[in-house]
Structures are given as structure tokens and as C-alpha cells.
Amino acid sequence: MMMRKSLSHRVVGPMRCKNLLIVFLLSMTFVSCSSHKKLAYDFVNKTKGASVAFYVPEELKKQNVRKDCNINNPELFVMDEAQQRDTIEARTKIVNKINDDIFLDVMITSFEKTLEDYGLKLEYWEHDGIKPDSLHWIVDLSHVEIQEYVTYSLSECGVEGYAEFFPITAVNVASWFGLMNDEESHFLYTEQDCEDYIAECYYTLDSLSNLVANIECKRLTIDDFYNFAVVLGKLYAGYSYDFFMNEYVRKEMRRREMEYSDDVYMRYDPYESYIYHTHSDRFIPMEEK
């Protein structure tokens, strides 16, 4: 019996130790995440009523990078300058129609409304000699670049084994930010896409019994793009709040000599008063870009 116990211990012991180590690491991770969240909720409570100064560029940088609008395209290359200009103008769907003031006004209004949802207010206080601090934040949207391009959407159109690539128009909005709520400046980046989408797709047979794709595509309009500015305003306000919240957690944990992980990034949902983890739904620090 003693030998069996000894042999059994030799085999099972390391496995038990390994399992205990896993349990220990998981418990430490849970404790660490719990500490992150507790401090994040502290930030939410302490920053209610904070003022945010939000700055935007005077104009947007707009580029048409559609392949069907490239003058080296054989179809355009044979045209004279006037024909090229007219064709490119006709094929361009969004960037040549954007009114910078409308886009920025819509986005700022959405940003301000979202700040209110977070318990914050849009307010410009620098002229009073106040410097950035825990209740006075600066969000400087220094540069916005908008590009229109053609991409492709893949759809099976309801027939397994058959697939079609459909060209669609897409618009990318890339934004660069500078954020401050203390003496440090943080430079961040984000980009989002707005594009056509396939509303309906199905196959029918032609007279030779060949499959023919029938596509109903919801085309992007300038009104859709201004509605997208509403989405961006909400996103920018939320991302800014989340960044300041995570910076608070990072500094507090290091000040208290607690174990901190950059991998634990949190978002706050002001509508449900809920904090959750995310990996990519956030601003990107410029050094990571």
C-alpha cells in the first residue's frame, strides 16, 4: 500500500500542482481584473460633472482613391482632360459632396449629447486660466482624413457552393486626437468605414440554365454619410471617456503598487452603468499604430 501510494503520488502530484497553479493564476487574474474594475467605477463616480473642451480642425482632408477614378485606368487614359474630369466626378459618390461644416457640426452635436449621457458637459474653460486636471479635459481632434474607395463584398446569394464578389463604395474616416486631463499629452488614432451593403441577393436561371445573380444594393448617399457623423460623435466621446478612465486606473494601481496589466482595457456603458473589457474597440495609441 505504501509503495502504491508513493507511486501514485509521483504520477498525480505534479498534475495536482499544475492544476493548483492554474487555479492560482486564474484567481490572481480575477483579483487583478476586479481591482481594475473597482477603480474604473471610482473614476465614473469622481468625474461626474467634468468639463470637456473639444476642438476640431477647420477643414477635412478628402481623397478619392477609387480605382475606377484613377486616370491611369485604361478606360480613362484615352479620354481628354474634360472627359476625365466629368467621368471622375460622376463616379465619385461621397467625398466630392461633403460639406465640411455640416459634417463637423453634426459630429460635434452628437459628441456633446453623448458627453451628457456620461454625466459630462462640453465647456471651454482655458480662457479662465484653468489647466487640464481630473475635472477639466481636453479632446483635440487635430486631423480628419476621409478616403473614398471601391471594395468588394462576397455573397452566396442563398445558393450553397456559389458566390459572387460585388463592387461596393466605401468611405474611410481616419481621425487623430490629442487628449489631456493632466500635464501629460496623449496622441491617439482611430478609423471607421461606412459603405454600401447588399440588401438582397438571389440567383435565377437564364434561358441556357445558367445561374444569374440578382443584386439589390443599398447605395451610400451623402445623407447616410452625415448620419455616420452622428455615429462618429458618439464613438469619439465614448472612446475619449474610456481612455481617461483607463489612464486613471493605470496610474492609481501603480501609485498603490498594485499589479497592473496593459492587456486589461475597459469600456464604460453609461446607459447600463456597466464596465466591460475590450481589446480593439478603443483608441489606438500612436506608438502602436
Side-chain angles (χ1 to χ4, degrees), residues 40 43-44 47-48 50-57 59-62 94-95 98-123 137-149 151 169-181 185-197 220-249 264-286 288-289:
F43 174 87
V44 172
T47 58
K48 291 189 182 301
S51 298
V52 182
F54 181 44
Y55 298 99
V56 300
E59 60 182 12
L60 311 170
K61 182 178 180 181
K62 293 165 284 192
I94 300 298
V95 294
I98 297 172
N99 181 301
D100 292 16
D101 290 335
I102 293 176
F103 176 87
L104 291 170
D105 287 346
V106 169
M107 191 264 294
I108 291 169
T109 300
S110 176
F111 185 95
E112 181 177 15
K113 175 62 176 65
T114 307
L115 288 183
E116 294 172 359
D117 295 337
Y118 280 85
L120 310 176
K121 54 189 175 183
L122 184 66
E123 191 173 61
W137 309 349
I138 291 177
V139 177
D140 180 14
L141 173 52
S142 59
H143 181 74
V144 178
E145 186 169 313
I146 300 174
Q147 291 188 336
E148 180 175 330
Y149 62 99
T151 186
T169 294
V171 180
N172 175 268
V173 181
S175 298
W176 286 259
F177 288 82
L179 270 64
M180 292 183 67
N181 69 341
S185 296
H186 304 273
F187 300 99
L188 307 149
Y189 169 85
T190 186
E191 63 177 303
Q192 284 77 33
D193 291 304
C194 182
E195 59 189 37
D196 297 340
Y197 66 90
L220 188 62
T221 67
I222 188 62
D223 287 337
D224 293 330
F225 187 72
Y226 290 143
N227 288 333
F228 187 54
V230 176
V231 176
L232 293 177
K234 292 177 181 288
L235 197 66
Y236 295 163
Y239 278 7
S240 297
Y241 187 94
D242 295 335
F243 180 81
F244 287 129
M245 179 179 70
N246 281 276
E247 275 296 288
Y248 171 83
V249 171
V264 180
Y265 195 90
M266 294 169 289
R267 292 214 66 191
Y268 175 62
D269 180 346
Y271 311 104
E272 299 293 335
S273 300
Y274 176 68
I275 290 174
Y276 59 96
H277 295 150
T278 185
H279 177 68
S280 57
D281 189 19
R282 53 178 289 192
F283 278 141
I284 302 171
M286 287 301 294
E288 294 181 13
K289 185 177 177 297

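Just so it is clear, the values below take in all heavy atoms, side chains as well, and ignore hydrogens, waters and symmetry mates. Sequence positions, counted from 1, serve as the residue numbers for this chain.
- Thr151 and Ala170 make their closest contact through CG2-CB, 4.1 Å (heavy atoms, listed as atom of the first residue, atom of the second, distance).
- Note on ring orientation: taking the six-membered ring where Trp is involved, the planes of Phe228 and Phe225 are tilted (angle from 30° to 60°).
- Surrounding OH of Tyr55 are more than 12 heavy atoms belonging to other residues, nucleotides or ligands, all under 6.0 Å away.
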Could you please spell out the steps behind the side chain to side chain donor-acceptor pair (under 3.5 Å) verdict for Asp224 and Thr221? CA-CA 5 Å; Asp224 293 330; Thr221 67; 3.0 Å; yes
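- For Tyr118 and Tyr241, the gap between ring centers is short of 6.0 Å.
- In this structure, the side chains of Leu179 and Tyr239 stay at 4.5 Å or more apart for every pair of heavy atoms.
- Taking OG from Ser175 and CD1 from Ile146, the interatomic distance works out to 8.0 Å, rounded to the nearest 0.5 Å.
- Residues Phe177 and Tyr236 are in side-chain contact: their nearest non-hydrogen atoms beyond the backbone lie under 4.5 Å apart.
- Nearest heavy-atom pair, Leu220 versus Asp196, reported as atom, atom and distance to 0.1 Å: N-OD1, 2.6 Å.
- Taking NZ of Lys234 as the start and CG of Asp117 as the end, the distance is 6.5 Å to the nearest 0.5 Å.
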Please report the C-alpha distance between Ile284 and Thr190 in whole Å, then the side-chain angles of each, then the deciding distance to 0.1 Å, and finally whether the side-chain contact (heavy atoms from CB on, under 4.5 Å) criterion is met. CA-CA 6 Å; Ile284 302 171; Thr190 186; 6.0 Å; no
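- The minimum heavy-atom distance linking Pro57 with Leu104 is given by the pair O-CD1, 3.4 Å.
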Hey, mind stepping through Asp242 and Tyr265 against side-chain contact (heavy atoms from CB on, under 4.5 Å) and telling me if it holds? CA-CA 9 Å; Asp242 295 335; Tyr265 195 90; 4.2 Å; yes
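- Here the closest non-hydrogen pair linking Asn99 and Asp101 is OD1-N, 3.0 Å.
- The nearest pair of heavy atoms linking Met107 to Val56 is CE-CG1, 4.1 Å.
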How far apart are the C-alpha atoms of Asn172 and Tyr149, what are their side-chain angles, what is the distance that settles it, and do they pass the side-chain contact (heavy atoms from CB on, under 4.5 Å) test? CA-CA 8 Å; Asn172 175 268; Tyr149 62 99; 4.0 Å; yes
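- At a threshold of 4.0 Å, the pair Asp100-Lys62 counts as salt-bridged, since one of the basic side-chain nitrogens sits closer than that to a carboxylate oxygen.
- Here the straight-line distance linking atom CD of Glu112 with atom CD of Glu123 works out to 10.5 Å at 0.5 Å rounding.
- Panel note: side chain Glu148, backbone Ile94; a donor-acceptor pair is recorded below 3.5 Å.
- Taken to the nearest 0.5 Å, the CE atom of Met245 stands 12.5 Å off from the CG atom of Asn181.
- Between Phe54 and Phe111, the ring planes are parallel. Angles under 30° get that label, and only those over 60° would be called perpendicular.
- Side-chain contact between Thr47 and Trp137: present, with at least one pair of heavy atoms (C-beta onward) separated by less than 4.5 Å.
- By the 4.5 Å heavy-atom criterion applied to side chains, Phe103 and Leu232 are counted as neighbours.
- Here the straight-line distance linking atom CG of Asp105 with atom OH of Tyr226 works out to 10.5 Å at 0.5 Å rounding.
- Tyr189 approaches Met286 most closely through the heavy-atom pair CB-SD, 3.5 Å.
- In this structure, OG on Ser110 lies 9.5 Å from CG on Leu115, to the nearest 0.5 angstrom.
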